[in-house]
A.B. asks: 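Provided herewith is a single structure, encoded as structure tokens, for subsequent inquiry.
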2 protein chains.
Amino acid sequence: MKALATARKNEQPDCAPGEHRRKRPSAAVSAAALERAVRIFKALGDEPRLRLLAILAQGELCVSEIAEIDDDGLSTVSQRLRVLRSADLVSRRRDGQHILYGLADQHIGELISNALAHASEGLPARPSAAKKNRKKN
Amino acid sequence: MKALATARKNEQPDCAPGEHRRKRPSAAVSAAALERAVRIFKALGDEPRLRLLAILAQGELCVSEIAEIDDDGLSTVSQRLRVLRSADLVSRRRDGQHILYGLADQHIGELISNALAHASEGLPARPSAAKKNRKKN
DNA sequence: GCAATACTTCAACAAGTAGTGAAGTAATGA
DNA sequence: TCATTACTTCACTACTTGTTGAAGTATTGC
């Protein structure tokens with residue numbers, strides 16, 4: 001959310017790059033790939049949506065079924081699916097009166113299950129996180 | 001962003017779960033793991049942050065160096081690092097006057113490079129996005 | 001001690017986004 | 001044909017989040 005690039009940049013430091021280290025890394029990643037990855041991560045970064053994907057990983061479902069399972073409204077679920085669809089994470093096909101949604105791709109399923117497995121392990125040996133920032137007072 | 005759970009749920013459908021399919025999937029994922037995964041994805045779902053992580057994947061850097069590379073202000077970079085830190089994605093250690101940041105974990109590096117690789121391939125055979133889902137290979 | 005450097009935190013704003021009821025569209029069946 | 005079911009889209013509101021200057025904290029050097 002780049003809020004209008006105003007006058008000057010934030011305060012810049014005196015230490016130039018290369019002062020500390022000898023090698024200077026730069027962009028290094030394709031802008032397009034980065035943008036695409038961000039879109040995927042953004043879509044995955046919402047609990048209801050991620051849960052929905054985890055459910056769809058077990059098989060196709062129609063919108064009404066999802067709404068029932070999640071105990072959410074049709075409109076709500078539909079909007080969620082729209083976001084997932086615009087990030088190419090789900091597929092959609094009609095089956096009579098119903099529209100069945102599923103994971104777009106095996107790859108997506110792997111990405112999700114990897115992340116969930118990783119998250120269960122608790123990667124760094126830390127219980128919570130972001131906690132001890134309080135100045136003496 | 002559940003906007004105050006008002007009166008009734010959105011319009012519910014008439015077709016009960018089980019009407020279409022025989023198996024009914026439920027939660028299926030640990031709430032804690034899901035929450036944690038969401039926090040990670042949320043942190044990854046921002047271009048400047050993801051780029052920053054990709055840069056850190058090449059080695060530790062201090063805040064000033066990052067600010068210089070990204071052409072962003074110290075404050076801006078610092079806030080970004082705060083978000084990444086609170087999602088346990090980066091490590092931090094002091095080195096004299098400087099504070100060096102790096103990836104928290106090898107796992108994170110893999111997650112990112114996997115996602116970027118996946119994104120470069122363009123998983124569905126599509127140039128742009130949000131149009132039609134086609135499964136290839 | 002004091003000043004400088006390197007960062008962090010605060011506060012405020014702009015922009016983004018999720019949820020939702022109402023209204024709209026699409027397939028099916030009578 | 002019209003009604004019904006199953007969804008989607010619209011428009012709005014409430015909330016979240018990224019950026020930023022100013023002010024604060026921490027380490028080093030004099």
Side-chain angles (χ1 to χ4, degrees), chain A residues 1-17 19-20 38-39 42-43 45-50 52 61-68 70-87 92-101 130 132-137, chain B residues 1-17 19-20 38-39 42-43 45-52 61-68 70-87 92-101:
Chain A
M1 299 175 176
K2 213 94 168 173
L4 3 113
T6 26
R8 280 266 1 94
K9 236 72 208 346
N10 216 335
E11 347 78 52
Q12 288 285 57
D14 276 357
C15 55
E19 181 190 327
H20 320 279
V38 164
R39 283 205 327 158
K42 226 172 222 164
D46 177 71
E47 199 176 316
R49 275 195 308 254
L50 189 56
L52 172 45
L61 286 175
C62 77
V63 185
S64 316
E65 287 175 304
I66 296 168
E68 230 284 323
D70 280 0
D71 190 31
D72 268 314
L74 273 181
S75 175
T76 305
V77 171
S78 187
Q79 294 282 23
R80 287 212 269 260
L81 287 165
R82 194 178 61 79
V83 172
L84 292 174
R85 233 173 94 72
S86 80
R92 183 235 276 256
R93 70 184 178 88
R94 188 171 267 279
D95 175 33
Q97 288 188 93
H98 297 279
I99 294 182
L100 296 175
Y101 281 87
K132 41 128 167 223
N133 315 30
R134 208 68 216 132
K135 45 181 177 176
K136 57 249 180 129
N137 205 359
Chain B
M1 297 172 180
K2 214 94 167 169
L4 349 124
T6 24
R8 284 266 2 91
K9 235 73 204 6
N10 215 334
E11 347 75 57
Q12 287 287 56
D14 275 357
C15 56
E19 182 190 326
H20 321 277
V38 164
R39 284 205 324 158
K42 224 171 225 165
D46 177 73
E47 198 175 317
R49 277 198 303 258
L50 190 57
R51 187 175 38 237
L52 172 44
L61 287 176
C62 77
V63 185
S64 316
E65 287 176 304
I66 297 168
E68 231 283 323
D70 282 359
D71 191 31
D72 269 313
L74 272 180
S75 176
T76 305
V77 171
S78 187
Q79 295 281 23
R80 288 212 267 258
L81 288 165
R82 193 177 61 80
V83 173
L84 293 174
R85 232 173 97 72
S86 79
R92 184 237 276 255
R93 72 184 176 86
R94 188 170 267 280
D95 174 34
Q97 288 188 95
H98 297 277
I99 294 183
L100 296 176
Y101 282 87

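Throughout, protein chains are lettered first and strands after them, A, B, ... in sequence-line order, and every chain is numbered starting at 1.
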A.B. asks: Please state how far atom CG in Leu74(B) lies from atom P in dA26(D), giving the value in whole angstrom units.
C.D. replies: 17 Å
A.B. asks: Kindly say if Arg80(A) contacts the phosphate of dG19(C), meaning a side-chain N or O under 4.0 Å from OP1 or OP2.
C.D. replies: yes
A.B. asks: Considering the options Ile99(B), Val63(B), Leu81(B), which one meets the side-chain contact (heavy atoms from CB on, under 4.5 Å) requirement together with Arg92(B)?
C.D. replies: Ile99(B)
A.B. asks: Report yes if a side-chain nitrogen or oxygen of Tyr101(B) is closer than 4.0 Å to either non-bridging phosphate oxygen (OP1 or OP2) of dT8(C); otherwise report no.
C.D. replies: yes
A.B. asks: Relative to the 5' end of DNA chain C, which residue comes earlier, Lys42(A) or Leu81(B), by the nucleotide with the nearest heavy atom?
C.D. replies: Leu81(B)
A.B. asks: Any N or O donor-acceptor pair under 3.5 Å from the base of dT9(C) to the side chain of Ser75(B)?
C.D. replies: yes
A.B. asks: Using a 3.5 Å distance criterion without hydrogens, assess whether the side chain of Arg49(B) forms a donor-acceptor pair with backbone atoms of Ala43(B).
C.D. replies: yes
A.B. asks: Looking only at side-chain atoms of Arg94(B), point me to the closest of dA26(D), dT17(D), dT19(D).
C.D. replies: dA26(D)
A.B. asks: Rounded to the nearest Å, what distance is computed from the CG atom of residue Asp95(A) to the C1' atom of nucleotide dT5(D)?
C.D. replies: 14 Å
A.B. asks: Of all the choices, dA6(C), dA22(D), dT19(D), which nucleotide is nearest to the side chain of Pro48(B) once you look at every atom?
C.D. replies: dT19(D)
A.B. asks: Could you work out which one of dA6(D), dG18(D), dA6(C) sits closest to the side chain of Val83(B)?
C.D. replies: dG18(D)
A.B. asks: Name all residues meeting the side chain to side chain contact (heavy atoms under 4.5 Å, CB included) criterion together with Gln97(B); count only those two or more places apart in sequence or in a different chain, and write none if there are none.
C.D. replies: none
A.B. asks: Rounded to the nearest angstrom, tell me the gap between atom CG in Leu100(A) and atom C1' in dA27(C).
C.D. replies: 14 Å
A.B. asks: To the nearest Å, give me how far apart CD (Gln97(A)) and P (dT8(D)) are.
C.D. replies: 14 Å
A.B. asks: Ignoring the backbone of Ser78(A), work out which of dT9(D), dG18(D), dT8(C) is nearest its side chain.
C.D. replies: dT9(D)
A.B. asks: Between Gln79(B) (CD) and dT8(C) (P), how many Å, whole number?
C.D. replies: 9 Å
A.B. asks: Can you measure His98(B) atom NE2 to dT28(D) atom P for me and round it to whole angstrom units?
C.D. replies: 11 Å
A.B. asks: With the side chain of Arg92(A) defined as its heavy atoms from C-beta on, choose the nearest nucleotide among dT5(D), dT8(D), dT8(C).
C.D. replies: dT8(D)
A.B. asks: Rounding to an integer number of Å, can you tell me how far Glu68(A) CD sits from dT5(D) C1'?
C.D. replies: 16 Å
A.B. asks: If I take atom CG in residue Asp72(A) and atom P in nucleotide dG21(C), what distance separates them, rounded to the nearest angstrom?
C.D. replies: 11 Å
A.B. asks: Which residues satisfy the side chain to side chain donor-acceptor pair (under 3.5 Å) test with Arg82(A), sequence neighbours excluded?
C.D. replies: Gln79(A)
A.B. asks: For the pair Asp72(B) and Arg80(B), find out whether any cationic side-chain nitrogen is under 4.0 Å from an anionic carboxylate oxygen.
C.D. replies: yes
A.B. asks: Side-chain N or O of Arg82(A) versus OP1/OP2 of dT8(D): is the shortest distance under 4.0 Å?
C.D. replies: no
